[in-house]
There are 2 protein chains.
Amino acid sequence: MTQATTETERSVKAAFEGLEGGDRGGPGTPASEAWGAFLRAHASLMRVLDSELVRGAELSLSDFDVLIQLRLADGARLRMSELARRALISRSGMTRRAGQLEERGLVARQPDASDRRSVVLTLTDDGAQVLRRALPVHFSGVHAHFLDRLTDDELSQLRDVLEKVVIDCDFG
Amino acid sequence: MTQATTETERSVKAAFEGLEGGDRGGPGTPASEAWGAFLRAHASLMRVLDSELVRGAELSLSDFDVLIQLRLADGARLRMSELARRALISRSGMTRRAGQLEERGLVARQPDASDRRSVVLTLTDDGAQVLRRALPVHFSGVHAHFLDRLTDDELSQLRDVLEKVVIDCDFG
DNA sequence: GGTCGTTTGTTGTAATCGCAACCATATGGG
DNA sequence: CCCATATGGTTGCGATTACAACAAACGACC
């Protein structure tokens with residue numbers, strides 16, 4: 001995977017000439033290399049972290065996301081839409097994920113008194129316990145593959161740079 | 001829309017609450033903020049870029065990935081496995097994606113004379129033409145949402161930092 | 001030549017996800 | 001009060017993906 005980078009970026013040059021692209025963003029530039037690293041980093045990190053979490057805590061990264069977002073919310077309760085927004089998934093995706101988690105007894109659906117359209121999701125005791133067991137697994141993975149490889153300065157740089165390219169858009 | 005998100009990419013904004021992992025990695029630190037920005041940036045960028053590409057060139061980002069990797073390869077020809085590796089997808093995923101692209105006449109399957117197990121994918125004239133029309137669409141999107149928002153220094157930083165966290169792993 | 005382990009591509013299967021459509025509810029103006 | 005519009009959640013549906021298992025072919029070795 002790392003090797004492909006070099007190869008790719010070398011040949012990118014030939015492929016993109018004739019394209020109006022210009023210098024910035026052209027092949028072999030920091031731009032294209034940054035883009036490629038961005039894609040590779042995400043793909044490989046997500047795969048490994050999910051795999052580790054499933055093996056170590058019998059929880060997918062998607063499920064973990066919902067549980068952790070619930071736990072971080074005030075009172076460990078959130079409406080479906082808000083939860084979907086925070087977990088970066090669609091509302092329909094949230095519906096199905098909540099259904100699975102509810103079947104496992106990790107979350108509970110409750111009607112919202114102030115808005116009868118809404119459904120409020122809460123973390124059950126079992127859910128909190130499962131989350132407690134999953135946290136160190138995920139934590140050690142993020143440490144090993146992410147935090148331990150970067151300095152504090154690099155993390156700050158990464159945060160600042162990436163926040164500039166976040167697009168505010170709907171997710172479903 | 002076509003699925004811009006590959007696997008599991010969710011927001012885990014501050015996944016380390018309640019852990020005594022020390023300050024590094026705790027909520028509100030550059031670590032967790034960088035991680036959250038990483039996830040949000042990828043999710044939103046992929047969604048928007050895929051959407052723009054589908055609307056502007058009738059090509060999903062996944063299909064584009066295959067075509068561009070073929071184009072960048074020497075002679076615009078690659079074995080399935082190598083193509084899958086470069087496109088960050090599994091071999092089975094590559095099989096099916098190649099099947100679709102072949103049906104559309106954008107790529108052609110050829111036997112590899114030197115290894116009868118292998119199948120070599122080549123870019124057809126139609127495929128090259130579709131790719132030519134797709135390139136400016138994708139590049140303008142990458143420019144608008146990524147490159148134009150960052151300086152050269154920031155792109156170099158991003159590349160250097162992200163390459164440190166790329167994990168060399170199999171994708172299928 | 002024969003054998004074992006590896007690699008290559010494909011397929012069955014199951015899981016996931018988003019979009020569009022839908023109903024229920026809420027909200028703001030006539 | 002009534003209607004138009006917007007929002008919240010669910011469901012049907014199609015599309016995509018990875019994992020595991022498989023056969024064919026390769027390669028190293030004896």
Side-chain angles (χ1 to χ4, degrees), chain A residues 42-44 46-51 54-55 58-66 78-104 107 109-121 169-172, chain B residues 1-11 42-44 46-51 54-55 58-66 78-85 87-104 107 109-121 169-172:
Chain A
H42 184 272
S44 59
M46 288 307 114
R47 173 167 308 228
V48 168
L49 287 177
D50 180 78
S51 168
V54 168
R55 281 206 314 270
E58 285 162 0
L59 206 65
S60 71
L61 201 48
S62 304
D63 286 334
F64 177 86
D65 254 353
V66 173
L78 279 176
R79 285 183 304 110
M80 297 285 290
S81 284
E82 179 60 21
L83 197 43
R85 196 183 63 79
R86 299 195 186 187
L88 305 178
I89 62 178
S90 66
R91 283 175 301 155
S92 61
M94 191 64 245
T95 293
R96 281 154 181 138
R97 190 140 299 285
Q100 293 181 357
L101 292 170
E102 189 183 29
E103 244 181 83
R104 291 177 64 178
V107 303
R109 280 187 168 99
Q110 294 179 346
D112 185 344
S114 66
D115 187 339
R116 284 187 309 186
R117 295 171 302 180
S118 298
V119 172
V120 173
L121 228 62
C169 64
D170 276 350
F171 280 87
Chain B
M1 119 185 176
T2 60
Q3 218 140 296
T5 65
T6 45
E7 170 80 338
T8 31
E9 62 183 59
R10 307 283 160 267
S11 110
H42 184 272
S44 59
M46 289 306 116
R47 174 168 308 229
V48 169
L49 288 177
D50 179 80
S51 170
V54 168
R55 281 207 313 271
E58 286 162 359
L59 206 64
S60 72
L61 201 47
S62 304
D63 287 332
F64 177 85
D65 266 349
V66 173
L78 279 176
R79 286 182 304 110
M80 296 286 289
S81 283
E82 178 61 20
L83 196 44
R85 195 181 64 81
L88 304 178
I89 62 178
S90 66
R91 283 174 302 156
S92 62
M94 191 62 245
T95 293
R96 283 158 177 132
R97 189 141 299 288
Q100 292 181 358
L101 292 171
E102 188 184 30
E103 243 181 83
R104 291 177 64 178
V107 303
R109 281 188 167 99
Q110 293 179 348
D112 184 345
S114 65
D115 188 339
R116 284 186 308 186
R117 295 171 302 180
S118 297
V119 172
V120 172
L121 229 63
C169 65
D170 277 348
F171 281 86

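Naming: A, B, ... by sequence-line order, numbering from 1 per chain.
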* Asked: D:dG9 base to A:R85 side chain: any donor-acceptor pair below 3.5 Å?
  -> no
* Rounded to whole angstrom units, what separation is found between the CE atom of A:M80 and the C1' atom of C:dA24? -> 15 Å
* Structure fact -> When rounded to the nearest 0.5 Å, the distance separating CE of B:M80 from OG1 of B:T95 is 4.0 Å
* Of all the nucleotides listed (D:dT11, D:dG9, C:dC17), which has the minimum atom distance to the side chain of A:R79? -> D:dG9
* Structure fact -> Taken in chain and number order and not counting sequence neighbours, the residues that satisfy side-chain contact (heavy atoms from CB on, under 4.5 Å) with A:D115 are A:D112, A:R117, A:S118
* To do: For B:A98 and for A:R91, locate the closest nucleotide of DNA chain C by heavy-atom distance; then report the residue assigned to the nucleotide nearer the 5' terminus.
  => B:A98
* Structure fact -> B:M46 CE to D:dT16 C1', in whole Å, measures 16 Å
* Asked: Do the non-hydrogen side-chain atoms of B:V66 and B:L83 ever get within less than 4.5 Å of each other?
  -> yes
* Please report, rounded to the nearest Å, how far the P atom of C:dC19 is from the CD1 atom of A:I89. => 12 Å
* Structure fact -> Across all chains, not counting sequence neighbours, the side-chain contact (heavy atoms from CB on, under 4.5 Å) partners of B:A84 are B:I89, B:M94
* Structure fact -> Among the nucleotides C:dG9, C:dT11, D:dG9, whichever has the atom closest to the side chain of A:T95 is D:dG9
* For A:S62 and C:dC17, is the shortest distance between a side-chain N/O and OP1 or OP2 below 4.0 Å? -> yes
* Strand contacts (DNA chain C) in residues 110-119 of chain A, 4.0 angstrom heavy-atom criterion -> A:D115, A:R116, A:R117
* **Distance, rounded to the nearest Å, where A:L88 contributes CG and C:dT16 contributes P** => 18 Å
* Asked: Among D:dG9, D:dT17, C:dC19, which is the nearest nucleotide to the side chain of B:R47?
  -> C:dC19
* **Spacing of A:D50 atom CG relative to C:dA15 atom P, expressed in whole Å** => 15 Å
* Structure fact -> Applying side chain to side chain donor-acceptor pair (under 3.5 Å) to B:R91 and not counting sequence neighbours gives none
* If you check the B:S81 side chain, which of D:dT16, C:dG9, C:dT10 turns out closest? -> C:dG9
* Between B:R96 (CZ) and C:dT16 (C1'), how many Å, whole number? -> 15 Å
* Is any side-chain N or O of A:S90 under 3.5 Å from a base N or O of C:dC19, one able to act as donor and the other as acceptor? -> no
* By side-chain contact (heavy atoms from CB on, under 4.5 Å), which residues pair with B:R116, not counting sequence neighbours? -> none
* Of the nucleotides D:dT17, C:dT16, D:dT11, which one has an atom closest to the side chain of A:R97? -> C:dT16
* Structure fact -> B:M94 atom CE is separated from C:dT10 atom P, nearest whole Å, by 9 Å
* Structure fact -> A:E58 meets the side-chain contact (heavy atoms from CB on, under 4.5 Å) criterion, sequence neighbours left out, with none
* To do: Nearest whole angstrom, please: distance from the P of C:dA14 to the CD of A:Q100.
  => 15 Å
